[in-house]
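Below is one structure, written out as structure tokens; comments come after it.
Residues take their numbers from the sequence shown, with the count starting at 1.
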Amino acid sequence: MGYAVSYKPTKAQRTKDIKNAIRWNVARLEHDTVSSDTVSRSLVIQLLHLNQIAPTADPTGDHVMQQLIKDGIVLKPSKRAGVQVFGREDLINSLKAWVGMK
């Protein structure tokens with residue numbers, strides 16, 4: 001006889017999952033945006049695979065990005081032509097520092 005268990009990660013596990021996604025994908029973000037001064041919010045989510053952390057609860061990855069902003073890990077994005085953008089250098093440096101890559 002079995003029973004169903006729904007997996008609800010703790011806050012520590014969710015933070016660990018976010019850090020791992022960033023650690024594994026920040027080099028790609030850095031490489032793919034090398035010629036840009038700014039990076040759009042949607043591109044950051046896509047390149048860091050933030051939408052894969054909780055695919056059923058947050059299929060767009062926007063909640064994860066919002067958590068990073070709220071926790072002060074990355075600065076608030078500015079708007080350019082209606083699109084939210086981050087300063088590339090600040091974003092990459094902040095993410096690397098948070099996951100311990102610097």
Side-chain angles (χ1 to χ4, degrees):
M1 184 174 243
Y3 56 91
V5 176
S6 60
Y7 172 69
K8 289 186 87 173
T10 62
K11 184 171 180 163
Q13 183 61 48
R14 180 173 167 85
T15 301
K16 183 178 176 183
D17 291 344
I18 295 169
K19 281 186 174 187
N20 284 336
I22 292 170
R23 190 175 292 117
W24 295 333
N25 297 300
V26 75
R28 181 169 180 206
L29 173 68
E30 194 170 17
H31 177 269
D32 288 0
T33 60
V34 74
S35 63
S36 302
D37 289 335
T38 59
V39 184
S40 71
R41 181 178 179 137
S42 60
L43 186 62
V44 172
I45 292 169
Q46 178 186 1
L47 291 176
L48 293 178
H49 297 285
L50 298 181
N51 57 344
Q52 298 300 314
I53 294 171
T56 54
D58 183 20
T60 63
D62 199 52
H63 292 284
V64 175
M65 179 55 76
Q66 190 59 38
Q67 181 181 346
L68 293 173
I69 294 168
K70 182 185 77 109
D71 292 346
I73 297 157
V74 296
L75 297 175
K76 281 187 170 183
S78 58
K79 279 199 172 187
R80 290 213 179 138
V83 177
Q84 292 184 348
V85 295
F86 294 97
R88 180 187 174 276
E89 274 307 308
D90 290 338
L91 176 70
I92 291 173
N93 290 336
S94 297
L95 292 173
K96 282 184 170 183
W98 187 58
V99 298
M101 292 180 71
K102 274 205 161 188

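- For residues 25-38, the set of pairs meeting the salt bridge (charged side-chain N to carboxylate O under 4.0 Å, His left out) definition, not counting sequence neighbours, comprises Arg28-Asp32, Glu30-Lys96.
- Of all heavy-atom pairs between Ala21 and Asn25, the closest is O-ND2, 2.8 Å.
- Listed by chain and residue number, nothing satisfies the side-chain hydrogen bond (donor to acceptor under 3.5 Å, both in side chains) test with Gln46 (two or more places apart in sequence, or in another chain).
- Other members of a hydrophobic cluster containing Val34 are absent, since no ILVMFWY side chain comes under 4.5 Å of it, directly or through relayed contacts.
- Looking at residues two or more places apart in sequence or on another chain, you find no salt bridge (charged side-chain N to carboxylate O under 4.0 Å, His left out) involving Asp90.
- Linking ILVMFWY side-chain heavy atoms closer than 4.5 Å, directly or via other members, places Met101 and Val44 in a single hydrophobic cluster.
- No chain of hydrophobic side-chain contacts below 4.5 Å, direct or via other Ile, Leu, Val, Met, Phe, Trp or Tyr residues, connects Ile45 to Val85.
- By the side-chain hydrogen bond (donor to acceptor under 3.5 Å, both in side chains) test, Lys19 is found to be paired with no residue, residues two or more places apart in sequence or in another chain being considered.
- For Thr33, the side-chain hydrogen bond (donor to acceptor under 3.5 Å, both in side chains) criterion is met by Arg88, not counting sequence neighbours.
- Taking NZ from Lys16 and CD from Gln13, the interatomic distance works out to 5.5 Å, rounded to the nearest 0.5 Å.
- Taken to the nearest 0.5 Å, the OG atom of Ser42 stands 11.0 Å off from the CG atom of Asn51.
- Listed by chain and residue number, Asp58, Asp62 satisfy the side chain to side chain contact (heavy atoms under 4.5 Å, CB included) test with Thr60 (two or more places apart in sequence, or in another chain).
- Between Leu29 and Leu95, some side-chain heavy-atom pair lies under the 4.5 Å cut-off.
- The CG atom of Leu68 sits 9.5 Å away from the OG1 atom of Thr15 when rounded to the nearest 0.5 Å.
- With rounding to the nearest 0.5 angstrom, the CG atom of Leu47 is 12.5 Å from the CD1 atom of Ile22.
- Counting only heavy atoms from C-beta outward, the side chains of Leu50 and Ile53 approach each other to under 4.5 Å.
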Ignoring hydrogens and angles, write down the donor-acceptor pairs under 3.5 Å from the side chains of residues 72-84, residues two or more places apart or on other chains.
{"from": "Gln84", "atom 1": "OE1", "to": "Arg41", "atom 2": "NH1", "distance (Å)": "2.8"}

